[in-house]
2 protein chains.
Amino acid sequence: MAILQLLLKENLFLRDPQETELGRKIVQDSIMMIDELGFEKFTFKKLAQRIDSTEASIYRYFENKHRLLVYLIAWYWNWIEYRIDFGTQNIDDPKRRLEIAIRIIAEKKEKDASFPQIDEEALYRIVIAESDKTYLTKQVDEDNKEGLFRGFKSLCGKIASYILEINPDFEYPHSLVTTALQTGHQQLFYAEHLPSLSNFKKSNGDIYKQNEDFLKQLVFNAIHA
Amino acid sequence: MAILQLLLKENLFLRDPQETELGRKIVQDSIMMIDELGFEKFTFKKLAQRIDSTEASIYRYFENKHRLLVYLIAWYWNWIEYRIDFGTQNIDDPKRRLEIAIRIIAEKKEKDASFPQIDEEALYRIVIAESDKTYLTKQVDEDNKEGLFRGFKSLCGKIASYILEINPDFEYPHSLVTTALQTGHQQLFYAEHLPSLSNFKKSNGDIYKQNEDFLKQLVFNAIHA
DNA sequence: ACCTATTTAAAAGTATTACTATCAATTATG
DNA sequence: CATAATTGATAGTAATACTTTTAAATAGGT
């Protein structure tokens with residue numbers, strides 16, 4: 001299997017962490033640490049101790065910890081878009097493309113050998129628990145102007161276009177896609193922590209299958225209205 | 001119009017803020033301040049300065065600022081449940097009850113004269129931008145054990161029961177309700193800050209009507225599957 | 001191999017945050 | 001009117017989120 005690198009650009013970092021050993025360690029170990037501690041308790045100081053470096057060195061790669069989170073989440077959405085592009089190659093029927101996209105969104109995330117640097121399982125837990133915090137801030141408008149959310153928008157636009165191919169009259173393609181993307185994370189979080197808020201149950205079998213089933217129902221029923 | 005008080009209990013506070021002048025000022029002014037500054041920039045110190053009191057005094061009502069946020073969000077969900085109870089009085093048809101609930105969830109929130117203490121418009125903006133932060137934490141399981149999310153669960157259970165009356169075979173009533181509740185906020189946030197992620201547009205008229213329309217489609221199409 | 005530019009480590013410093021503690025002044029209650 | 005509860009004033013602490021400076025290590029070009 002070929003080893004790949006997602007090209008993340010713009011203002012997602014000060015210095016590209018994929019280019020240096022230290023940068024790669026920052027990304028790798030921050031994924032482990034945010035997963036373990038949660039974003040609130042995670043600090044650059046703790047990360048520096050863990051990777052035997054210093055706060056000041058980390059600040060040369062990322063302006064602050066919020067930007068690092070935005071970077072990780074952007075990486076994740078780029079990865080998902082790549083997987084959807086890959087999985088829908090040579091498939092013409094937009095319904096099947098949409099089905100594949102939903103499956104990829106809903107499914108369990110396992111290590112992707114194409115990206116040995118990144119622990120996708122840990123990153124997925126971060127996405128579930130922390131990704132909303134990237135934009136639920138007072139600086140969202142400035143961050144947006146800087147293009148920090150381009151990866152998410154791109155993915156959303158792609159899937160919305162499948163929906164419009166299926167039903168050009170559907171009024172809310174983007175809203176439906178963002179709803180599905182968000183819901184996929186939310187229900188997994190509830191299933192784990194607030195089970196009375198979800199009907200996904202481990203006792204009903206594979207929780208990711210239930211996720212896929214629910215999202216498919218939600219999306220396809222909405223489109224054919 | 002009668003003046004009411006929602007009874008919030010348990011571990012939502014150390015000392016009931018509805019019982020004293022200072023407590024009511026804490027709640028009122030924290031709503032204004034969190035709305036203005038965002039939850040991250042909001043501190044008890046700033047609040048104390050604003051209400052001419054001290055940090056230590058505020059800490060006697062709420063353990064920390066996270067608990068205060070949880071309190072405000074719990075108040076909001078209790079208020080919504082009260083409005084739905086009120087609005088569905090004497091209505092037997094579960095479809096109509098569900099429609100009313102969706103309308104109440106989606107609609108613009110205006111000052112409720114029954115609760116003169118609370119600025120519901122500002123509180124609604126807080127709910128949209130900050131409510132997910134109440135449970136997206138590492139302490140969610142302990143907070144849940146303490147019953148902090150009871151108000152939200154109660155509302156969710158109520159609307160899920162309408163859905164089961166309409167279609168007893170529907171497999172995901174709670175998931176559908178939480179999806180709708182979350183989506184209602186998310187789409188309004190996107191419409192304001194990340195408009196390419198939503199199809200709600202101010203140029204299409206009343207944004208809250210679009211919200212209601214989208215949620216109705218989503219929910220009713222899902223149920224009748 | 002050597003010079004120079006860049007990168008990193010080490011250390012220290014600052015303002016702010018999220019609390020906790022103490023004690024005196026004020027206010028409510030019986 | 002006495003006493004208990006509440007609040008205000010003040011101070012203090014550990015941690016956070018940075019910034020700055022300087023020196024050491026490393027890399028790249030000739």
Side-chain angles (χ1 to χ4, degrees), chain A residues 11-30 33-34 36-72 130 133-134 136-139 142-143 146 148, chain B residues 11-30 33-34 36-72 130 133-134 136-139 142-143 146 148:
Chain A
N11 307 301
L12 284 169
F13 47 75
L14 291 173
R15 168 163 277 121
D16 189 345
Q18 297 193 113
E19 277 179 356
T20 69
E21 195 49 40
L22 178 63
R24 287 184 289 270
K25 273 185 103 179
I26 290 171
V27 170
Q28 263 172 45
D29 285 75
S30 69
M33 269 196 126
I34 296 174
E36 284 161 22
L37 302 178
F39 185 63
E40 280 60 43
K41 297 257 159 65
F42 165 80
T43 70
F44 278 4
K45 187 167 210 165
K46 290 174 190 167
L47 177 60
Q49 272 158 8
R50 180 182 175 126
I51 65 177
D52 271 308
S53 181
T54 61
E55 271 184 282
S57 299
I58 298 172
Y59 275 107
R60 284 191 201 97
Y61 288 83
F62 295 99
E63 247 178 278
N64 51 51
K65 71 172 186 165
H66 183 255
R67 288 289 173 124
L68 170 54
L69 180 65
V70 171
Y71 176 89
L72 296 177
E130 319 287 1
K133 297 172 190 167
T134 56
L136 291 176
T137 69
K138 280 283 166 187
Q139 348 109 44
E142 293 120 73
D143 287 356
E146 287 195 52
L148 301 191
Chain B
N11 308 302
L12 285 169
F13 47 73
L14 291 172
R15 169 164 275 120
D16 188 345
Q18 297 193 110
E19 277 179 356
T20 68
E21 196 49 40
L22 177 63
R24 286 183 290 270
K25 272 185 104 179
I26 290 171
V27 170
Q28 263 172 46
D29 285 75
S30 69
M33 269 197 124
I34 296 174
E36 284 161 22
L37 302 178
F39 184 63
E40 282 59 46
K41 297 256 159 64
F42 165 80
T43 71
F44 278 4
K45 187 166 209 166
K46 290 174 189 166
L47 177 60
Q49 271 158 8
R50 180 182 175 125
I51 64 177
D52 271 307
S53 180
T54 62
E55 271 184 283
S57 299
I58 297 172
Y59 274 107
R60 287 189 196 100
Y61 286 84
F62 294 99
E63 247 178 277
N64 51 52
K65 72 172 185 165
H66 183 254
R67 289 288 173 122
L68 170 54
L69 180 65
V70 171
Y71 176 89
L72 296 177
E130 320 285 2
K133 296 171 190 168
T134 57
L136 292 176
T137 69
K138 280 283 166 185
Q139 348 108 45
E142 293 119 75
D143 287 356
E146 286 195 53
L148 302 190

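A note on names: the letters A, B, ... follow the listed sequences, proteins ahead of strands, and every chain is numbered from 1.
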- Query: Between D:dG8 atom P and B:E21 atom CD, what is the distance in whole Å?
  - Reply: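 Distance, rounded to whole Å: 11 Å.
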
- Query: Could you state the CD-P distance from A:E55 to D:dA17, rounded to the nearest angstrom?
  - Reply: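 A:E55 atom CD is separated from D:dA17 atom P by 9 Å.
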
- Message: Please compare B:A56 and A:F44 by the position of their nearest nucleotide in DNA chain D and report the one closer to 5'.
- Response: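 So the residue in question is B:A56.
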
- Integer-rounded Å distance: D:dT7 P and B:I58 CD1: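 Value for this atom pair: 11 Å.
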
Return all side-chain donor-acceptor pairs below 3.5 angstrom for residues 64-71 of chain B, not counting sequence neighbours, or 'none' if the list is empty.
residue : atom : partner : partner atom : Å
B:N64   : OD1  : B:H66   : N            : 3.1
B:N64   : OD1  : B:R67   : N            : 2.9
B:K65   : NZ   : B:F39   : O            : 2.8
B:K65   : NZ   : B:E40   : O            : 3.1
B:K65   : NZ   : B:F42   : O            : 2.9
B:H66   : NE2  : B:K133  : O            : 3.4
B:H66   : NE2  : B:T134  : O            : 3.2
B:R67   : NH1  : B:N11   : O            : 3.1
B:R67   : NH1  : B:E146  : OE1          : 3.4
B:R67   : NH2  : B:E146  : OE2          : 3.0

- Task: Using whole Å, report how far CD of A:E63 lies from C1' of D:dC18.
- Result: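 One finds 12 Å between C1' of D:dC18 and CD of A:E63, rounded.
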
- Distance from A:T137 atom OG1 to A:E142 atom CD, nearest 0.5 Å?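 So the gap between those two atoms works out to 8.0 Å.
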
- Query: Looking at A:I51 and A:K25, what are the two nearest heavy atoms and their distance?
  - Reply: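 Here A:I51 and A:K25 meet closest at O-NZ, 3.5 Å.
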
- Message: Need one value for B:K46: base, sugar-phosphate or nothing, where a base atom within 4.0 Å counts as base even if backbone is also close, heavy atoms only.
- Response: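 Answer is sugar-phosphate: B:K46 comes under 4.0 Å of backbone atoms only.
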
- Protein-nucleotide distance (B:L14, atom CG; D:dT6, atom C1'), rounded to Å: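 Distance, rounded to whole Å: 14 Å.
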
- OP1, OP2 of D:dT6 versus side-chain N and O of B:R15: anything below 4.0 Å?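 Looking at the OP1 and OP2 atoms of D:dT6, one of them is under 4.0 Å from a side-chain N or O of B:R15.
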
- Using atom CD of B:E40 as one end and atom C1' of D:dA17 as the other, report the distance to the nearest whole Å.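 Computing the B:E40:CD to D:dA17:C1' distance gives 14 Å.
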
- With B:R15, which residues qualify under side-chain contact (heavy atoms from CB on, under 4.5 Å), at least two apart?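 For B:R15, the residues satisfying side-chain contact (heavy atoms from CB on, under 4.5 Å) (neighbours in sequence not counted) are B:R60, B:Y61.
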
- Residue pair A:L14 / A:E63, side-chain heavy-atom distance below 4.5 Å: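 In short, these two side chains touch, coming nearer than 4.5 Å.
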
- Message: Using a heavy-atom cut-off of 4.0 Å across all strands, would you classify B:Y59 as base, sugar-phosphate, or nothing?
- Response: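 Result for B:Y59 = base.
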
- Task: May I ask you to evaluate whether A:K65 reaches the phosphate of D:dA17, defined as a side-chain N or O under 4.0 Å from OP1 or OP2?
- Result: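 Looking at the OP1 and OP2 atoms of D:dA17, one of them is under 4.0 Å from a side-chain N or O of A:K65.
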
- Task: Take A:K45 and A:T54, find for each the nucleotide of DNA chain C with the closest heavy atom, and name the residue whose nucleotide sits nearer the 5' end.
- Result: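 By nearest-heavy-atom nucleotide position, the 5'-most residue is A:T54.
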
- Task: Can you tell me the distance, in whole Å, between the NE2 atom of A:H66 and the P atom of D:dT16?
- Result: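 That distance rounds to 18 Å.
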
- Item | Bounds of contact between DNA chain C and chain B, in 5' to 3' order, using a heavy-atom cut-off under 4.0 Å |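 So the contact region on DNA chain C extends C:dT17 to C:dA21.
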
- Message: Would B:K46 and B:M33 count as a side-chain contact (heavy atoms from CB on, under 4.5 Å) here? Give the steps.
- Response: CA-CA 9 Å; B:K46 290 174 189 166; B:M33 269 197 124; 3.5 Å; yes

- Please work out if A:Y61 contacts a base, only the sugar-phosphate, or nothing of the nucleic acid, heavy-atom cut-off 4.0 Å.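 Counting heavy atoms under 4.0 Å across all strands, the contact made by A:Y61 is with sugar-phosphate only.
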
- Item | Over 12 non-hydrogen atoms of neighbours within 6.0 angstrom of NZ in A:K138 |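 For A:K138, atom NZ is crowded (more than 12 foreign heavy atoms under 6.0 Å).
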
- Item | Separation of D:dG8 P from B:R60 CZ (nearest whole Å) |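 Whole-Å distance recorded here is 8 Å.
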
